[in-house]
Q: 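Quick one: the structure is below, questions incoming.
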Amino acid sequence: MIKNTVCWASRPLAVHAGHCLGKLVHQMCDGFASRWLMVRTAHPTVCPHEICSRSEQPNAGQGASLMTKLGVCFFLLFTLSLLAPVSVSADDETPTLKEIVEKKEKEKTLEDTEKASAKGPYDDLGRSTPRSSVINLADALANYNFELAVEYMDLRNLPFTVGEADGLDLARKLFIIGTRSIILDYEAISDEPEGDLDDGLPKYRDRITTIKTSEGPVDILMQRVPRDDGVFVWKLSNATVAMIPKLNEEHGYGQIGDKLSLLFPQYDVAGLQLWQWAVLLVLILISALLAYVITWILIKGLQIYNKEPLDSAKKFINGPLRFMILAVIFRQTFDLIAPSLQAKAFFEAGTLLIVAVVWILIGAVDLIFSQIAERMKKRGQGNATVLLKPAKTVLRVALILIGFTSWLENMGYDVTTLVAGLGIGGVAVAFAAQRSLENLLGSVMIYSSQPVRVGDFCKFGDKLGVVEEIGLRATQLRTLERTVVHIPNAKFSTDIIENLTQRDMILYRTRLRLSLQTTAQQMQEVLDGVRGLIKEHEAINEETSRARFLEFGEYAQEVELFLHIKTRDFAEYLQHREDINLRIRGIIETAGTELVVPTSATYLEGGALPMSS
């Protein structure tokens, strides 16, 4: 019923975390080595102090970033050295917390059943069967009633070094050994007055459990002994009682723990005595102090190479890394409090260390994403950093779920059903949030392909305006009427978008409608003047612009102007367009012709004057 467990570092989460951190450290070290060789090759006589003195040169930022990575690399190496898998002997068997809880529930049921219907001869103390005697002995020890517990121990024929006078002390030591090393399976203990006759032991003895020691396994035995009136009852065997002092040396509190346990009252809180809680608090304070000192030294070391370390790096060191050091130091000193099986089972679940690993991974994610955001801003992609937030949130949630499932698994619970439920729940959420996911993916496509950016003037369908924001759900467009249009990203990323800001030139296209009375010579003068304007005007692109006598219309001779204005600014374009129009008007007047517009005449009956329009 007892499962072998190893230290937390052999758990799946810690193995994956250590593997990932190891790869990160390896990449950082490789990058540092290559850059250092380049520096030494270019400056063979430069010492590190000279390199630090050049922090104001163009490559100083890269050096500072490199030193920051080196500091983090050093600290991760230190952490990984502490978190390396520790070999645990096969004798170190600790049940999971789930097993202990289930055992207690079964024990309670069996205690009630055994007390209600005990077999064998009547006994006031319930010692008629091995099971009933063990149950009542455990109950007396749990209530710190050591005087009653002595009645369940065979103190006859003990070695001189033990003696009957030490009965209360033996009961107390038995209580300590039991809480630290013994877990019983009441169902496996015989409930017959004669005991288990098929266990290979003498018929007056029964084995209730076995304790692992450094010298080999030791059987815990019950023995059938005569009562004062000659009736046989079951007690803890004198052979086992004689072993209690030796077992206490290996499974007890230790010298300091024994003295402290006598100073504090006997009271159990969550599987730990009051003196153990006091020592535990001191260990946490010492671990916190050491963690603070180590991280303070690390930050000071980084400041030697970079006077102003990044806020994200300082936050990473002062937060998750400091907590990781605290957890590692606390892990190394936890056994000093001689914890009970219940407390040890909770500790072996890696509760504190899983929190530390998850926090340090989340901190690493934040640090990496902050570096990515800084690079994107330097490249002019600052607007795309909005995509980093949901990606970072997804990674955070994934790490927390992995840590939680690993913790449950370490506690002894089967997480297969939970993982399957999460998968089904994820599918349900995905269907429910289909539109939201489409918009999110649309924003990813917009930022990756970048058909438009914030500040661009574009046309989408019948909407014309300036892009003000590209969010995770929709894109905001400020129209010429100064209204704001919200377009879902799923639609904005799939429909046709005309980006007017990305034009290298703006087209000015119009027709000059000259009078039908315009002569061929006048038309030629107009064409020559306009073409000369195209050639001479600094804002007109001559290669792609043209002026042609296109056709004879119903009421005018039409000349087409196709001009590319060399600007992207629409206001500047309007200024050039105005200047061009004025010059063309002067060319037409110089040629002696004029522009015309269509007219119509309406005649009224009765001799009224015609009305023209």
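Counting from 1, the numbers follow the sequence of the chain as shown. These numbers come from a predicted model, not from an experiment.
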Q: Looking only at heavy atoms, what is the nearest atom pair of L125 and E151, with distance?
A: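 Scanning both residues completely, I find the closest heavy atoms to be CD1-CB, 3.5 Å.
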Q: Using a 3.5 Å distance criterion without hydrogens, assess whether the side chain of N136 forms a donor-acceptor pair with backbone atoms of S132.
A: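 Yes; at least one donor-acceptor contact below 3.5 Å.
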Q: Does any part of the side chain of W234, heavy atoms only, come nearer than 4.5 Å to the side chain of D206, both counted from C-beta?
A: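 They are in contact (side-chain heavy atoms under 4.5 Å apart), so the answer is yes.
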Q: Any side-chain to backbone donor/acceptor pair from E250 onto T213? Under 3.5 Å, distance only.
A: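 No.
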Q: What pairs of residues pass the salt bridge (charged side-chain N to carboxylate O under 4.0 Å, His left out) test when at least one of them lies in residues 221-232, not counting sequence neighbours?
A: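 Applying salt bridge (charged side-chain N to carboxylate O under 4.0 Å, His left out) to every pair that reaches into residues 221-232, excluding sequence neighbours, yields D123-R227, R227-D229.
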Q: Could you tell me the separation between the OG1 atom of T209 and the CD1 atom of I189, rounded to the nearest 0.5 Å?
A: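 CD1 of I189 is found 8.0 Å from OG1 of T209.
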Q: Using side-chain contact (heavy atoms from CB on, under 4.5 Å) as the criterion, list what pairs up with K246, not counting sequence neighbours.
A: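 Expected list: E215, M243.
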Q: side-chain contact (heavy atoms from CB on, under 4.5 Å) for R180 and Y253? Distances and angles first, verdict last.
A: CA-CA 9 Å; R180 297 207 62 228; Y253 289 154; 4.2 Å; yes
Q: How far does OG of S133 sit from CE of M153, to the nearest 0.5 angstrom?
A: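 Reported value, rounded in 0.5 Å steps: 11.0 Å.
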Q: Any pair with a residue in residues 261-279 that passes side-chain hydrogen bond (donor to acceptor under 3.5 Å, both in side chains), sequence neighbours left out, goes on the list, sorted by first then second residue, please.
A: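 The answer is Y144-Q273, R172-S261.
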Q: Supply the atom-to-atom distance I317 CD1 to L298 CG, rounded to the nearest 0.5 angstrom.
A: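 Taking CD1 in I317 and CG in L298, the distance rounds to 4.0 Å.
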Q: Can you list every pair that meets salt bridge (charged side-chain N to carboxylate O under 4.0 Å, His left out) and has a residue in residues 273-288, with sequence neighbours left out?
A: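 Residue pairs with at least one partner in residues 273-288: there are none.
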Q: Kindly indicate whether the side chain of L236, heavy atoms from C-beta on, has any atom under 4.5 Å from the side chain of L174.
A: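 SC-SC contact between L236 and L174 confirmed.
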Q: For G195 versus P130, what's the shortest heavy-atom pair and its separation?
A: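 Scanning both residues completely, I find the closest heavy atoms to be CA-CG, 4.0 Å.
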Q: Can you give me every donor-acceptor pair (side chain of residues 353-364, partner residue at least two apart or in another chain, under 3.5 Å) with its distance?
A:
none

Q: Is any side-chain heavy atom of I244 less than 4.5 Å from a side-chain heavy atom of I177?
A: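 I244 reaches I177 side chain to side chain.
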Q: To the nearest 0.5 Å, how far apart are CE in M222 and OH in Y204?
A: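 Rounded to the nearest 0.5 Å, the CE-OH separation comes to 14.5 Å.
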Q: Please list, chain by chain and in numerical order, all residues satisfying ring-ring contact (aromatic ring centres under 6.0 Å, His included) with F334, sequence neighbours excluded.
A: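 Expected list: F330, F347.
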Q: Taking side-chain contact (heavy atoms from CB on, under 4.5 Å) as the definition, give me every residue that meets it alongside D219, ordered by chain and number, with sequence neighbours left out.
A: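 side-chain contact (heavy atoms from CB on, under 4.5 Å) list for D219, sorted by chain: R207, T210, L221.
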Q: Begin from the C-alpha positions of F369 and L395 and carry the test side-chain contact (heavy atoms from CB on, under 4.5 Å) through to its verdict.
A: CA-CA 11 Å; F369 272 78; L395 287 177; 3.6 Å; yes
Q: Among all residues two or more places apart in sequence or in another chain, which pass the side-chain contact (heavy atoms from CB on, under 4.5 Å) test with V282?
A: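 Scan of V282 (side-chain contact (heavy atoms from CB on, under 4.5 Å), adjacent residues dropped) gives I286.
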Q: What pair of heavy atoms forms the shortest contact from H251 to S181, and how long is it?
A: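 Looking at all heavy atoms of both residues, the shortest contact is ND1-OG, 2.6 Å.
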Q: Taking N143 for the side chain and D139 for the main chain, is one N or O donor matched with an acceptor at less than 3.5 Å?
A: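 Pair found, side chain donor or acceptor close to backbone of D139.
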Q: Rounded at 0.5 Å granularity, tell me how far OG1 in T295 sits from CZ in F316.
A: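 Reported value, rounded in 0.5 Å steps: 12.0 Å.
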Q: Does anything in residues 356-369 form a salt bridge (charged side-chain N to carboxylate O under 4.0 Å, His left out)? List the pairs, not counting sequence neighbours.
A: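 Non-adjacent pairs meeting salt bridge (charged side-chain N to carboxylate O under 4.0 Å, His left out): D366-R396.
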Q: Which heavy atom of L280 sits nearest to which heavy atom of L272, and what is that distance?
A: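 Between these two residues, the closest heavy atoms are CD2-CD1, 4.2 Å.
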Q: Given side chains that start at C-beta, do those of V397 and L399 come closer than 4.5 Å, heavy atoms only?
A: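 Not in contact.
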Q: At their closest point, which heavy atom of R127 faces which heavy atom of K235, and how far apart are they?
A: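 Taking every non-hydrogen atom into account, NH1-CE, 3.2 Å.
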Q: Which heavy atom of L158 sits nearest to which heavy atom of N238, and what is that distance?
A: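 Looking at all heavy atoms of both residues, the closest pair is CD2-O, 3.6 Å.
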Q: Quick one about Y122 and D124 (side-chain donor to acceptor, distance below 3.5 Å, no hydrogens or angles considered), yes or no?
A: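 Yes, Y122 and D124 have a side-chain donor paired with an acceptor closer than 3.5 Å.
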Q: So, applying side-chain contact (heavy atoms from CB on, under 4.5 Å) with Y186, which one of V134, D191, I208 is it?
A: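 Only one option passes, and that is V134.
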Q: Test side-chain contact (heavy atoms from CB on, under 4.5 Å) on L283 and L336 and set out the steps.
A: CA-CA 9 Å; L283 292 178; L336 294 177; 4.2 Å; yes
Q: Among residues two or more places apart or on two chains, list those pairs meeting salt bridge (charged side-chain N to carboxylate O under 4.0 Å, His left out) that have a residue in residues 277-289.
A: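 Qualifying pairs: none.
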Q: Can you tell me how far the CG atom of L321 sits from the CG atom of L326, to the nearest 0.5 Å?
A: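 One gets 12.5 Å once the value is rounded to the nearest 0.5 Å.
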Q: Does I256, at its CD1 atom, have more than 12 non-hydrogen atoms belonging to other residues, nucleotides or ligands within less than 6.0 Å?
A: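 For I256, atom CD1 is not crowded (no more than 12 foreign heavy atoms under 6.0 Å).
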Q: What residues form a side-chain contact (heavy atoms from CB on, under 4.5 Å) with A149, not counting sequence neighbours?
A: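 Expected list: L137, A140, L141, A171.
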Q: Report the residues that fulfil side-chain hydrogen bond (donor to acceptor under 3.5 Å, both in side chains) with S237, sequence neighbours left out, ordered by chain and then residue number.
A: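 Partners of S237 by the side-chain hydrogen bond (donor to acceptor under 3.5 Å, both in side chains) criterion, ordered by chain and then number, come out as Q223.
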